[in-house]
Every structure is written in structure tokens, then in C-alpha cells.
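Ligands are counted one by one from 1 in listed order, and the atoms in each one are counted from 1 as well.
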Amino acid sequence: MIDTQAYAAQNATSPLGPWNFQRREVGPHDVQIEILYCGVCHSDIHQVRDEWGGSVYPMVPGHEIVGRIVKVGDHVTKFKVGDLAGIGCFVDSCRECTPCQAGEEQYCEKGNASTYNGTEMDRKTLTYGGYSTQIVTDEKYTLKISDKLPLEGVAPLLCAGITTYSPLRHWKVGKGHKVGVLGLGGLGHMAVKLAHSMGAEVTMLSTSPSKEADAKKLGAHHFALIKDKEQMKRLRNTFDFIINTVSAPHDYNQFLRLLTLDGVMICLGIPPEPSTVPAFNLIMGRRSIAGSLIGGIRETQEMLDYCAEHNIVSDVEVIDIKDINTAYDRMMKGDVKYRFVIDIASLKK
Ligand code: NAP
Ligand code: ZN
Ligand code: ZN
């Protein structure tokens, strides 16, 4: 077994703190990755605080992982020692169901093995995430990372990047489309960058007046404050798509009005409480509400390659692991520019 240092939550209310555990030995199809950076996703906070229910403790969060391969199993073909590698939100799936066969393992009908706060496919062995010094994973669920881009900016692509890239591709967003991005945090800033790079006209819809200049630097063509009733009125019937990344409970109805005929609000944010939508608000304008979950391994690799080619990374604030609890508090206030990323070297100090 491989001794691993980590930061863990012991329950839903205490701050995260140091915790040691053991990873499995490297199997024939496994790689061992020394973790260099791990992004901090709002899903980490939802799960640490058990906002979705069913959390398992001790919990080592983190599913935006980049690092370097230090050991490979005998049958590994995709990687060699010294290569860069990445892990996203899941580390295995059933490999047999229709979504798995289609390369959409995130929708595995048996439920994939989430990178943390879950189990391996044996449904017994608990999984622990990237706020840790190393991880052992099957090469099939491990991504190749280019050495062209700064690694701390690449880490958030493994969740925030793919979660926004996948729906933009699925709905074929591009030139001629008007896209509203709701919420400028980790997912929101990647949605702005990616939608802009695909040729869409992007409007940032935010609660934070202080983020206007940044939104425009990130690639938004327009900025609107969602608390400003006049601005919201002017934007009625505007957007082909709204990418909703809001993490807190909010009313969907005020944003449905901003959609044009046949417009789609794509929900990515997973607030702990639901919003009710009267049928009328969909019927008028033949509008839809849809959802999208991260992305499969093949599409995640495609997104990483796309970002390397187009020079797209996340804008990050690199933190020491000891500052993780403060980072959570700041994210709860929307105070993030635009992803916290843990320098895992700080775990070894
Ligand atoms: P984040 O960095 O904390 O950003 C969330 C942003 O939402 C905030 O920065 C803020 O932006 C806005 N916001 C917060 N409270 C709000 C409120 N009451 N009303 C309106 N806007 C508000 O979070 P994240 O990491 O991007 O994650 C966002 C959500 O996506 C989380 O619920 C997370 O669990 C979920 N998620 C889903 C998937 C998926 O596969 N679907 C994957 C990853 C994450 P402004 O300051 O601009 O208003
Ligand atoms: Zn995430
Ligand atoms: Zn499956």
C-alpha cells in the first residue's frame, strides 16, 4: 500500500485538516500519479458540507487533478514514467452500459466511481480525491496533459473546463448564437472563455458589479447585473442559450424570460434546493430547461487538446493547503478569481 498525505473533512461541519491514508498498490492497468495541483470546485463544498446528502467521511475532496506519473503497471500502454497526467470527476465506470459504450461514462447507468465521496466499482472500496499527495488510477480513466500550458491553470479544466465544454459542443454553440453565462465563478469563467472561442456572442449575467471588467477581459462581449430590473427587462427574449452555473438556490423563472424562441437554459449548477417552474414559462417561447453533467473521457481529452491548441487555461489563485477553509468561505461569498488551485507541494511541508 502507498502512504498518502491529505487534507480531509471528518464531518459536515468541522474545517478540513490533515489526514493520512493508504492508496492501493499499482495494478497491471494502473498508473501512480504524484499530484502537483488540484483545483477547488464548488462541488467540493456541497459534498464536504453534505448539502446533497449521503456524504461519506473522512472525505478527501478534489477532482481537478494534474500531476506526473511516477509508476506504471505492466500492461499500461498510454503512459510512461515522467508523463503529465490528469484525473477528473470519476475514476471508473461499468464499461458495459449504453452510455459507457458510447464514451459517455459520466452517465453510466450503474453509477460511475466518483473520484471521491464514492466507491470503486466493487461498491466497497472508498475513493479519495486530489487534496492529497498521490493517486492510483486505471489508465483508461486517466487523461493526457500537454506540457504547453501552465499546469496550475490546466487543473480546473478537468471539471470546470469539461463541464462547460461538453454542453457547448452538444448544443453546437457557435457563430450567430447569443449565449448568457449566469454566475462568474469557476464554471462561469470557463464558459465565457470557451463560448467566446467558439464564436458565440457572450453576455455575462452576474450578481457582482465588481466583476464587469474581468468578465470582459475573459471574453464576454456584454455584462449585465441580474439585480438590475431595467437591464433584465432589456434582455428579455435575447439568448439562444443560458449556461446556468449558479451554486446557490435561485429562481429559474427570471432567467427563462431572457431566452428567445426555442431558447435553452442549460443547468450546470446544482443548488441544494430546487426551483419551481410553471409550465407556462416553458410553453411561452417553446423554451427548454436542460442539464449536463461533466463529460466523458474521450470528450475530456478532446477538450484538453482544444485548450492546448487555443491557449485556454483557467484564471487561478494558487493557495497552500492550509488556506483551504478560507478559500471555501470566500467561494461562498462569490469572492473567487476565478478558481482556487491547491499547490500540493504545500501538503508535504
Ligand atoms: P463558484 O466558483 O463558487 O461560482 C458560483 C458563482 O455563482 C459565484 O461566483 C456567483 O457569481 C454566482 N452566485 C453565487 N450565489 C448566487 C446567487 N445566490 N444568485 C446568483 N448567482 C450566484 O462555483 P463553481 O465551482 O463554478 O460551481 C458552480 C455550480 O456548478 C456548483 O453548484 C457545482 O456543484 C456545480 N457543478 C456542476 C457540474 C456538472 O457536471 N453539472 C460540474 C461541476 C460543478 P457572480 O458573482 O457572478 O454572481
Ligand atoms: Zn467539479
Ligand atoms: Zn456504465
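- Not one N or O of Trp52 is nearer than 3.5 Å to an N or O of ligand 1, by distance alone.
- Backbone or side-chain N, O or S atoms of Cys89 do not reach the Zn ion (ligand 2) at under 2.8 Å.
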Handout entry: Worked verdict on Tyr116 versus Gln47 for side chain to side chain donor-acceptor pair (under 3.5 Å)
Key = CA-CA 10 Å; Tyr116 70 86; Gln47 292 177 86; 2.9 Å; yes
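- For the residue pair Asn281/Tyr252, the side-chain donor-acceptor check at 3.5 Å is not satisfied.
- Ligand 1 has a nitrogen or oxygen under 3.5 angstrom from a nitrogen or oxygen of Leu187.
- Cation-pi geometry between Arg49 and Tyr328 is not met: the NZ or CZ atom fails to fall both under 6.0 Å from the ring centre and inside 45° of the normal.
- Vertex the Zn ion (ligand 3); arms to Cys100 atom SG and Cys108 atom SG; angle 100° (nearest 10°).
- The Zn ion (ligand 3) forms the vertex of an angle spanning SG of Cys94 and SG of Cys97; to the nearest 10 degrees it equals 110°.
- The protein non-hydrogen atom at the shortest distance from atom 39 (C) of ligand 1 is Thr163 CG2, 3.4 Å.
- For the 3.5 Å distance criterion, the side chains of Asp323 and Thr326 fail to qualify, holding no donor opposite an acceptor.
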Practice task
Check the pair Ser275, His250 against side chain to side chain donor-acceptor pair (under 3.5 Å), reporting the backbone distance first and the verdict last.
Solution key: CA-CA 7 Å; Ser275 167; His250 62 288; over 6 Å; no
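- Ligand 1 has at least one atom lying under 4.0 Å from a heavy atom of Arg339.
- Under 4.0 Å from ligand 1, not a single heavy atom of Cys267 appears.
- Nearest protein heavy-atom contact of atom 3 (O) of ligand 1 is His42 ND1, 2.7 Å.
- For the 3.5 Å distance criterion, the side chains of Tyr306 and Ser197 qualify, holding a donor opposite an acceptor.
- Considering only non-hydrogen atoms, atom 7 (O) of ligand 1 lies nearest to Val246 out of Val246, Leu205, Leu182, Ile294.
- The nearest N, O or S atom of His63 is closer to the Zn ion (ligand 2) than 2.8 Å.
- Salt bridge absent: Asp315 and Lys217 never bring a charged side-chain N and a carboxylate O closer than 4.0 Å.
- Among Ser206, Gly291, Gly185, the residue whose heavy atom lies nearest to atom 45 (P) of ligand 1 is Ser206.
- Taking any N or O of Leu268, backbone or side chain, at least one lies under 3.5 Å from an N or O belonging to ligand 1.
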